[in-house]
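In what follows, a single structure is set out as structure tokens and then discussed.
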Amino acid sequence: MADGNRFSPRLILAALVAGVLAGAVAVYVSESGSGNNAPAQVAVGDSKDDAACAAKADRARTVAAAATGQVAALLPADPPQSLKGLAFNNPDGKPMTLADHAGKTVLLNLWATWCAPCRAEMPALDALQKEMGSDAFEVVAVNVDAGDDAKPKKFLEETGVEALGYYRDSTMALFNDLKTRGLALGLPVTMLIDAEGCLIAHMNGPAEWSSPDAKRLVETALGKSD
């Protein structure tokens, strides 16, 4: 479990250098060490799904208000929008979309082995899934390394990550989709998505996802703390 020094400016700088060396498209950089630099303004589409999600603005603010302490950088979706169509590969290597998780609240995280803050928070995401994963909630951590599976799988094995499913997108299409929507500034990026596929809250940068603060946030998202 991390302390307040895990995400130091030095660690973020190391991520930037590693990303450049790896030919990375983007990496999160912050003088503060975690969180968003500014709220993302997200445009709502014309679909019925987007309209239904936009009606959840009050719910998004309520859930985001529960993001304190280690996860205080989480922002409410403004406005909530449908993310059902986000596409990546499932642990069997087959194409899927977020709609395949219908009925389940999802903490969607994008990570890469060249991103030092991503690497640092993976054990915490694994611990959160191990403790709180259920039919109602899942941490979906999607690796976006280019190339084959060897490097990311080796990293997960070396760090003892066991509870997280191995979701994957080696094309960067998922990241670019989120970037176009104004949600992804770099990596890591994390989104809290409800059981109907609506974005409720989002964060650019790392956080301590195994902390009591994170667990209370998940409980609120699941309606257990209202």
Side-chain angles (χ1 to χ4, degrees), residues 25-26 40-57 59-60 63 74-113 115 118 121-122 125-126 128-129 132-149 152-153 156 161 163-204 209 218 221-223:
V25 175
Q41 295 300 314
V42 181
V44 176
D46 296 328
S47 74
K48 292 181 179 179
D49 287 336
D50 277 322
C53 290
K56 298 184 179 185
R59 176 63 179 164
V63 172
L74 196 77
L75 298 174
D78 183 24
Q81 63 173 295
S82 177
L83 296 183
K84 286 182 179 180
L86 293 183
F88 44 92
N89 289 344
N90 69 16
D92 294 326
K94 298 178 180 179
M96 65 169 292
T97 66
L98 197 64
D100 293 317
H101 281 84
K104 181 180 290 189
T105 295
V106 167
L107 188 73
L108 180 68
N109 175 275
L110 272 60
W111 69 280
T113 58
C115 166
C118 302
E121 72 176 0
M122 288 302 291
L125 287 165
D126 187 60
L128 180 63
Q129 172 62 23
M132 302 199 69
S134 67
D135 291 339
F137 173 76
E138 182 178 353
V139 177
V140 175
V142 183
N143 175 264
V144 296
D145 278 62
D148 61 25
D149 293 335
K153 283 189 171 181
L156 294 176
V161 171
L164 296 176
Y166 182 63
Y167 295 95
R168 184 90 157 95
D169 174 35
S170 63
T171 69
M172 288 297 284
L174 174 59
F175 174 85
N176 288 329
D177 187 345
L178 294 172
K179 183 179 179 181
T180 299
R181 294 169 183 263
L183 296 173
L185 304 178
L187 293 178
V189 57
T190 307
M191 287 149 288
L192 186 61
I193 301 159
D194 73 9
E196 286 75 47
C198 298
L199 175 68
I200 298 299
H202 56 97
M203 175 191 296
N204 276 274
W209 291 108
V218 173
L222 293 174

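Note: hydrogens, waters and symmetry copies are ignored here, and every other heavy atom, side chains too, is used.
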Kindly compute the distance separating [atom1] ([X]) from [atom2] ([Y]), expressed to the nearest 0.5 Å.
X      : Y      : atom1 : atom2 : result
Asp92  : Arg168 : CG    : CZ    : 15.0 Å
Lys48  : Cys53  : NZ    : SG    : 14.0 Å
Leu110 : Leu174 : CG    : CG    : 4.5 Å
Cys198 : Asp49  : SG    : CG    : 7.5 Å
Asp194 : Phe137 : CG    : CZ    : 12.5 Å
Asp78  : His202 : CG    : NE2   : 7.5 Å

Could you pull out the closest heavy-atom pair between [X] and [Y], with the gap in Å?
X      : Y      : answer
Ala60  : Pro76  : O-CB, 3.7 Å
His101 : Glu138 : NE2-OE1, 3.2 Å
Ser82  : Arg181 : O-NH1, 3.4 Å
Leu222 : Arg59  : N-NH2, 4.5 Å
Tyr167 : Pro91  : CE2-CD, 3.4 Å
Leu185 : Asn204 : N-OD1, 2.7 Å

[X] vs [Y] side-chain heavy atoms within contact, under 4.5 Å:
X      : Y      : value
Pro80  : Leu199 : no
Leu164 : Leu156 : no
Asp149 : Asn143 : no
Gln81  : Leu183 : yes

*side chain to side chain contact (heavy atoms under 4.5 Å, CB included) between Val218 and Thr105: does it pass, once the steps are laid out?*
CA-CA 9 Å; Val218 173; Thr105 295; over 6 Å; no
_Check against side chain to side chain contact (heavy atoms under 4.5 Å, CB included), Asp100 and Asn90_ = CA-CA 10 Å; Asp100 293 317; Asn90 69 16; over 6 Å; no
_Residues in side-chain contact (heavy atoms from CB on, under 4.5 Å) contact with Ala55, at least two apart in sequence or another chain_ =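 For Ala55, no residue satisfies side-chain contact (heavy atoms from CB on, under 4.5 Å) once neighbours in sequence are set aside.
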*Check whether the side chains of Thr190 and Asn109 place a donor and an acceptor atom closer than 3.5 Å, and report yes or no.*
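There is such a pair (donor and acceptor under 3.5 Å, judged by atom type) between the side chains of Thr190 and Asn109.
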*Check the pair Val139, Trp209 against side chain to side chain contact (heavy atoms under 4.5 Å, CB included), reporting the backbone distance first and the verdict last.*
CA-CA 10 Å; Val139 177; Trp209 291 108; over 6 Å; no
_Check: Asp135 side chain, Lys104 main-chain N or O, donor-acceptor pair, under 3.5 Å_ = no
*Do any N or O atoms from the side chain of Asp169 and from the backbone of Val144 form a donor-acceptor pair under 3.5 angstrom?*
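Answer holds: no.
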*asked:* Restricting to ring pair (Phe, Tyr, Trp, His ring centres under 6.0 Å), what partner residues turn up for Trp111, sequence neighbours left out?
replied: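 Trp111 satisfies ring pair (Phe, Tyr, Trp, His ring centres under 6.0 Å) with Phe155 once adjacent residues are dropped.
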